[in-house]
Amino acid sequence: MNDIQSQIISRGQTTLADISKTNTLSDLEQIRVSVLGKKGTLSEALKTLGTVPAEERPKIGALANEWKAKIEGALETKKSELEAKEIEASLGKTKIDVSLPGRRPHMGALHPITQTIKKVSEVLGRIGFDVTVGPEAETDFLNFEAANIPKDHPARDMQDTFFLGPGVVLRSHTTAVQMRAMRGKTWPIRILCPGAVYRADNDATHSPMFHQIEGLWVDKKVSMSDLKGVLGFFAKELFGADAKIRLRPSYFAFVEPGAEVDVSCAICAGRNPKCSVCKGTGWLEILGAGMVHPRLFEYAGYKSDEISGFAFGMGVERIAMLLHDIPDLRLMFQGDQRFLKQLR
Ligand code: PHE
């Protein structure tokens, strides 16, 4: 064995010993550079290769490569060992409890009024009603006059109106949208008009702004029994298969005859005289309805002897309150997360 060979072996052994004693990554790097670097001991030793006889060079080369691989392997093993220790140590310092559940982002949800409008539109959409919308600032003419409520008509008192200026009101019902729809196109018409409406009223069951959905079906030979069929279907889809409806005669200027429509109480079915929802009557009023007054057809430019139609209108908040058993209308408008979260 010549000088270079024994040098390689002894340097290699010391290097392996040094590596195993090292405690930091920077010391380890230093060892790597001092042995394997351009000017490292192993490289330097190989530079003297020219001084040995040619036939011995391959043997020495192979020995050098063998030790290089050994040292590299030892460096790699030590490096992962030290890195793992470093991570362990920093975890101990920063004290992050990785087992704690994270903070969830707050997810928004549709407001119960929007949910109810969507639900009603979906149910009636299945039997051919299309959603139509109109402006909230409406002409006195379309809100009242064309709905057969002329100036000084007592029916105006039923809807305490906000006036925006001469001849312009905040619409007091979505009936105005029906007028717009009829004036814009010819029959047959089968539409739903959801939207905000305004009346000067404010207590636990009335809000100055609330929402209505009105329905209108105009065609040849549309009858009161079609109205009952549609509303019966609607009640069952919304309140359950056992829901029944009943019509009571009532007055709305824009329909003749007119009716108030009740749905059977899903809570007690009329069996609990102390029921807080129906007050023991077994019935809940959910909407107004009737056969479209011929005068509305005239305003729309239709021939009232060729066609007929029915209309109905419901308060969205009232429907939502019944569906979710909500005791106070004002909860709908306060934006209280504790309330809203329950109705997702
Ligand atoms: N527009 C009426 C209201 O606001 C509801 C209604 C609509 C009644 C259609 C009958 C027919 O009270």
Side-chain angles (χ1 to χ4, degrees), residues 120-121 123-125 127-135 138-151 153-159 161 169 171-195 197 199 211-235 245-262 285-316 319:
V120 172
S121 310
V123 165
L124 291 171
I127 52 170
F129 284 85
D130 288 329
V131 171
T132 310
V133 291
E138 187 52 279
T139 61
D140 184 291
F141 176 75
L142 285 178
N143 192 79
F144 287 122
E145 213 102 342
N148 195 29
I149 315 177
K151 293 215 162 51
H153 191 285
R156 289 206 177 200
D157 290 347
M158 288 163 74
Q159 305 185 357
T161 312
V169 301
R171 67 181 178 198
S172 59
H173 52 183
T174 42
T175 305
V177 185
Q178 302 181 12
M179 283 316 299
R180 283 178 176 273
M182 286 200 284
R183 282 156 69 99
K185 90 193 250 305
T186 178
W187 54 275
I189 284 185
R190 208 185 310 173
I191 53 167
L192 281 182
C193 319
V197 299
R199 292 181 199 180
H211 297 77
Q212 281 190 335
I213 301 176
E214 294 213 2
L216 174 71
W217 188 339
V218 179
D219 204 342
K220 271 188 179 157
K221 293 189 184 148
V222 172
S223 71
M224 198 85 180
S225 59
D226 294 320
L227 172 64
K228 282 186 80 173
V230 165
L231 294 180
F233 166 77
F234 167 75
I245 56 160
R246 75 172 183 190
L247 274 63
R248 285 176 288 108
S250 184
Y251 172 79
F252 301 97
F254 29 87
V255 288
E256 180 58 38
E260 261 160 24
V261 182
D262 300 337
E285 188 193 327
I286 54 164
L287 47 83
M291 300 307 293
V292 178
H293 196 289
R295 192 153 301 146
L296 272 69
F297 290 142
E298 281 156 31
Y299 276 119
Y302 295 176
K303 290 204 177 78
S304 60
D305 53 352
E306 282 178 359
I307 48 160
S308 56
F310 66 72
F312 58 89
M314 68 190 92
V316 178
I319 302 286

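Numbering starts at 1 and runs along the sequence shown.
- Scanning both residues, Ala259 and Phe252, for their nearest heavy atoms gives O-CE1, 3.5 Å.
- Here the OH atom belonging to Tyr299 is positioned 5.5 Å from the CD atom belonging to Glu145, to the nearest 0.5 angstrom.
- Remark: Ser308 engages Val222 in a side chain to side chain contact (heavy atoms under 4.5 Å, CB included) (not counting sequence neighbours).
- A donor-acceptor pair under 3.5 Å is absent between the side-chain atoms of Arg248 and the main chain of Glu260, judged by distance alone.
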message = Evaluate Glu285 against Asp262 for side chain to side chain contact (heavy atoms under 4.5 Å, CB included), listing each step before the verdict.
response = CA-CA 4 Å; Glu285 188 193 327; Asp262 300 337; 3.5 Å; yes
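- Within the structure, salt bridge (charged side-chain N to carboxylate O under 4.0 Å, His left out) contacts touching residues 211-224 (residues at least two apart or in different chains) do not occur.
- Contact between Leu227 and Ala311 at its shortest, heavy atoms only, is CD1-O, 4.4 Å.
- Between atom CE of residue Met179 and atom CZ of residue Phe141 there is a gap of 6.5 Å, rounded to the nearest 0.5 Å.
- Rounding to the nearest 0.5 Å gives a distance of 6.5 Å between CD1 of Ile319 and CG of Leu287.
- Scanning all heavy atoms of the two residues, the minimum distance from Pro135 to Arg171 falls at O-NH1, 3.1 Å.
- Using bins of under 30°, 30° to 60° and over 60° for the plane-to-plane angle, the ring pair Phe129/Phe310 lands in the tilted bin.
- Screening residues 178-194 for salt bridge (charged side-chain N to carboxylate O under 4.0 Å, His left out) gives Glu138-Arg180 as the qualifying pairs, with residues at least two apart or on separate chains.
- Distance check, rounded to the nearest 0.5 Å: OG1 of Thr175 to CG of Asn143 gives 7.5 Å.
- Checked by atom type and distance alone, the side chain of Thr139 pairs as donor or acceptor with a backbone atom of Leu142 at under 3.5 Å.
- Rounded to the nearest 0.5 angstrom, Ile189 CD1 and Asp130 CG are separated by 10.5 Å.
- Residues Phe312 and Val261 fail the side-chain proximity criterion, which asks for heavy atoms closer than 4.5 Å.
- Taking CE of Met314 as the start and OG1 of Thr174 as the end, the distance is 9.5 Å to the nearest 0.5 Å.
- No side-chain heavy atom of His211 sits under 4.5 Å from any side-chain heavy atom of Pro194.
- Scanning all heavy atoms of the two residues, the minimum distance from Met182 to Ala300 falls at CB-CB, 3.6 Å.
- Side-chain N or O atoms of Tyr302 include none that pairs as donor or acceptor with a backbone N or O of Val218 at under 3.5 Å.
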query = Between Ile127 and Trp217, is a side chain to side chain contact (heavy atoms under 4.5 Å, CB included) present by the stated rule, with each step listed?
reply = CA-CA 11 Å; Ile127 52 170; Trp217 188 339; 5.7 Å; no
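- A donor-acceptor distance shorter than 3.5 angstrom exists from the side chain of Asn148 to the backbone of Ala253, with no hydrogens or angles considered.
- Shortest non-hydrogen contact noted between Met224 and Pro257 is SD-CG, 4.2 Å.
- Heavy-atom minimum distance, Ile149 versus His173: CD1-CE1, 4.4 Å.
- Partner of Leu231 under the side chain to side chain contact (heavy atoms under 4.5 Å, CB included) criterion, chosen from Ile245, Asp226, Ile286: Ile245.
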